Amino acid sequence: MKFEPVIGLEVHVQVKTKSKMFCGCPADTFGKEPNSATCPVCLGLPGALPVPNRTAVERTVLLAQALSCEIADFSQFERKNYFYPDLPKGFQISQYSGPIGVLGSLEGVKITRVHLEEDTGRLVHESSTTLVDFNRSGVPLIEIVTEPVFSDPASAKTFLKELRKLIVHLGVSDADMEKGSMRLEANVSLKKTGEKTLPPYKVELKNINSFGFTEKALKVEISRQEEILAKGGSVSQETRGFDEKRGTTFSQRTKEEAFDYRYFPEPDLPPLTSKSFKVSKKLETPKEIREKYLSLGLSKQYAEVLLLDKKLAEIFDGLLSSLEGKDAANIVINRRFGDPKKLGAEGILKALGKEEKKELLSEGKLLKAAEEVVLDNQAAVSDYASGKKAALQFLLGQLMKETKGQIDPKEGAKVLKDLLNA
Ligand code: ADP
Ligand code: MG
Ligand code: ZN
């Protein structure tokens, strides 16, 4: 009997905002002293009240739109109740029945939902104790959930890479897996080949720290499930971690169901209506952006570099009014005038102008070079005097050679003519 994998993805990205989701604490706490970026709200102290972060809502809408989602007219925050030491309130403010975006797609992959929630704190395990750092508590987090539409690990990986490009390009998140601002979960089950319905279970894979590991974790988990099913057994629904070193998955806990969380609307926050956020024009998908770059003559490799770096792409765009796409890409990607992000498009154009001027000889030097060419080529001078206009072309050629091309040919011809006619 042959089995076919069924894979669905859940992706979390921290939203790039100045402050946290429901309080004024800084959202970027990378490398900060533990528990230094906290306040009564994100520490879940009694009586503290949340105030939603408008930018976080707008960025979620932006991403949901770019994923061609339907944007909810009515959306609400809900409490997801569970106990864990990194969750001081005893619930996470999330969205369940009223997500910001639903029914989207990216490159043919169906997106179930895009919603906004708050991040939890972080547990730090030291030899004999566990410490908790609440700096991350309350950082805005977007969750993107796909339908179980992938039938092999490689296509799941390809999708994740594409999604990351879109997120980075939109400036919604750094989506940096090493810093934890992008986190992946993969759900996988096996069905008999050709079967139409979904398997009655799924295994959620956690602790996946790279796109490569997503593929690996899925592969080993698929083999594990295959073995069980081939023996006539059934796979239990659970959450499993991926052990990078051993290349295996291990059971973490049996999977809870939505009803275990006792979701209910967050009473301290009003619902979001479409008036709460700006709905923008149609957004370009990575595919469209890539095609635009390729049509400008950029190599595939350069197009990908720009897709993954929004700031660089903006500088590149700023150069297009004055430069060919290829040249502009060369300058920003190869840092021809130094760090393009420090220079900006204007700085680069200025540097370019200076370089062009520097390349041309000054008027005095041009005149001197022209005089030398005239002195050294008396035969051509007499030819010119006797009416052979082509002699001027020859002299100009000599002048170009003499000055290593650092002159404007029109300017050179004029100077030569003046000398000859004098
Ligand atoms: P939960 O509430 O447990 O997170 P969801 O129904 O929201 O469950 O699904 C979460 C993820 O699991 C989605 O990415 C979805 O595509 C995927 N999924 C659902 N059913 C299956 C299945 N039978 N096999 C693999 N993945 C599945
Ligand atoms: Mg889930
Ligand atoms: Zn706070």
Side-chain angles (χ1 to χ4, degrees), residues 3-12 17-29 32 35-45 48-53 78 80 82 88-89 92-97 99 102-106 109-115 117-121 133-140 143-153 155-156 159-160 163 184-192 195-206 208 214 217-218 221-222 225 229 234-240 253-261 263:
F3 297 106
E4 194 180 295
V6 177
I7 301 167
L9 301 168
E10 291 168 275
V11 178
H12 284 94
T17 52
K18 275 205 195 83
S19 53
K20 291 188 182 178
M21 188 59 227
F22 298 114
C23 62
C25 293
D28 182 11
T29 64
K32 284 213 168 92
N35 297 306
S36 63
T38 55
C39 75
V41 173
C42 56
L43 286 175
L45 300 189
L49 290 171
V51 177
N53 182 326
E78 281 155 277
K80 180 181 183 179
Y82 66 95
K89 293 197 294 288
Q92 177 192 29
I93 303 180
S94 180
Q95 297 189 310
Y96 180 64
S97 62
V102 292
L103 299 175
S105 72
L106 176 65
V109 173
K110 280 191 188 156
I111 309 286
T112 317
R113 54 192 279 136
V114 174
H115 77 240
E117 58 189 31
E118 57 177 342
D119 211 341
T120 61
D133 177 6
F134 288 112
N135 280 352
R136 204 180 68 180
S137 172
V139 168
E143 178 168 350
I144 303 121
V145 182
T146 77
E147 290 288 301
V149 287
F150 304 95
S151 53
D152 64 288
S155 56
F159 168 81
L160 287 169
L163 177 63
L184 315 172
E185 279 148 38
N187 299 271
V188 56
S189 61
L190 294 186
K191 64 179 182 186
K192 284 182 204 144
E195 189 126 56
K196 290 276 180 294
T197 53
L198 284 180
Y201 74 95
K202 65 178 192 285
V203 170
E204 184 174 330
L205 298 175
K206 286 199 183 255
I208 305 176
T214 310
L218 280 168
E221 176 58 19
I222 288 166
Q225 293 185 15
L229 293 173
S234 58
V235 180
S236 43
Q237 168 134 334
E238 60 182 349
T239 299
R240 297 179 72 85
R253 58 187 156 93
T254 55
K255 180 84 177 98
E256 55 294 295
E257 303 275 349
F259 57 72
D260 291 325
Y261 293 121
Y263 280 101

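What you see is a predicted model; the values in this text were computed from it and never measured. In each ligand, atom 1 is the first atom listed, and ligand 1 is the first ligand listed.
- Within a 6.0 Å sphere centred on NZ of Lys110, other residues, nucleotides and ligands contribute 12 heavy atoms or fewer.
- Neither the backbone nor the side chain of Thr112 has any atom closer than 4.0 Å to an atom of ligand 1 (non-hydrogen atoms only).
- Between SG of Cys23 and SG of Cys42, the angle at the Zn ion (ligand 3) works out to 110°, rounded to 10 degrees.
- Closest heavy-atom approach to atom 4 (O) of ligand 1 within the set Glu10, Glu143, Glu204, Gln237: this belongs to Glu10.
- Residue Glu147 approaches ligand 1 through these ligand atoms, each under 4.0 Å from one of its heavy atoms: 16 (O).
- The ligand atoms of ligand 1 that sit less than 4.0 angstrom from a heavy atom of Val145 are 13 (C), 14 (O).
- Interface atoms of ligand 1 facing Tyr201, defined by a heavy-atom separation under 4.0 Å, are 22 (C), 23 (N).
- Near Pro199, with a cut-off below 4.0 Å to any heavy atom, the atoms of ligand 1 are 23 (N).
- Using a 4.0 Å cut-off between charged side-chain N and carboxylate O, Lys206 and Glu204 make a salt bridge.
- Distance alone, capped at 3.5 Å, is enough to place a donor-acceptor pair between the Arg136 side chain and the Gly121 backbone.
- A side-chain donor-acceptor contact under 3.5 Å links Thr112 to the backbone of Glu147.
- Val235 places none of its side-chain heavy atoms less than 4.5 Å from the side chain of Leu190.
- With 3.5 Å as the limit, one finds no donor-acceptor pair spanning the side chains of Tyr263 and Gln95.
- Among Val6, Ile111, Asp260, the residue whose heavy atom sits closest to atom 25 (C) of ligand 1 is Val6.
- One N or O on the side chain of Gln92 and one on the backbone of Glu118 form a donor-acceptor pair closer than 3.5 Å.
- Between the side chain of Ser137 and the backbone N or O of Cys42, at least one donor-acceptor pair lies under 3.5 Å.
- By the 3.5 Å distance cut-off applied to N or O atoms, Leu198 is not counted among the residues near ligand 1.
- Taking every heavy atom of Ser189 and a limit of under 4.0 angstrom, the matching atoms of ligand 1 come to 22 (C), 23 (N), 24 (N), 25 (C).
- With ligand atoms numbered from 1 in the order given, ligand 1 contributes 13 (C), 14 (O), 15 (C), 16 (O) to contacts under 4.0 Å with heavy atoms of Thr146.
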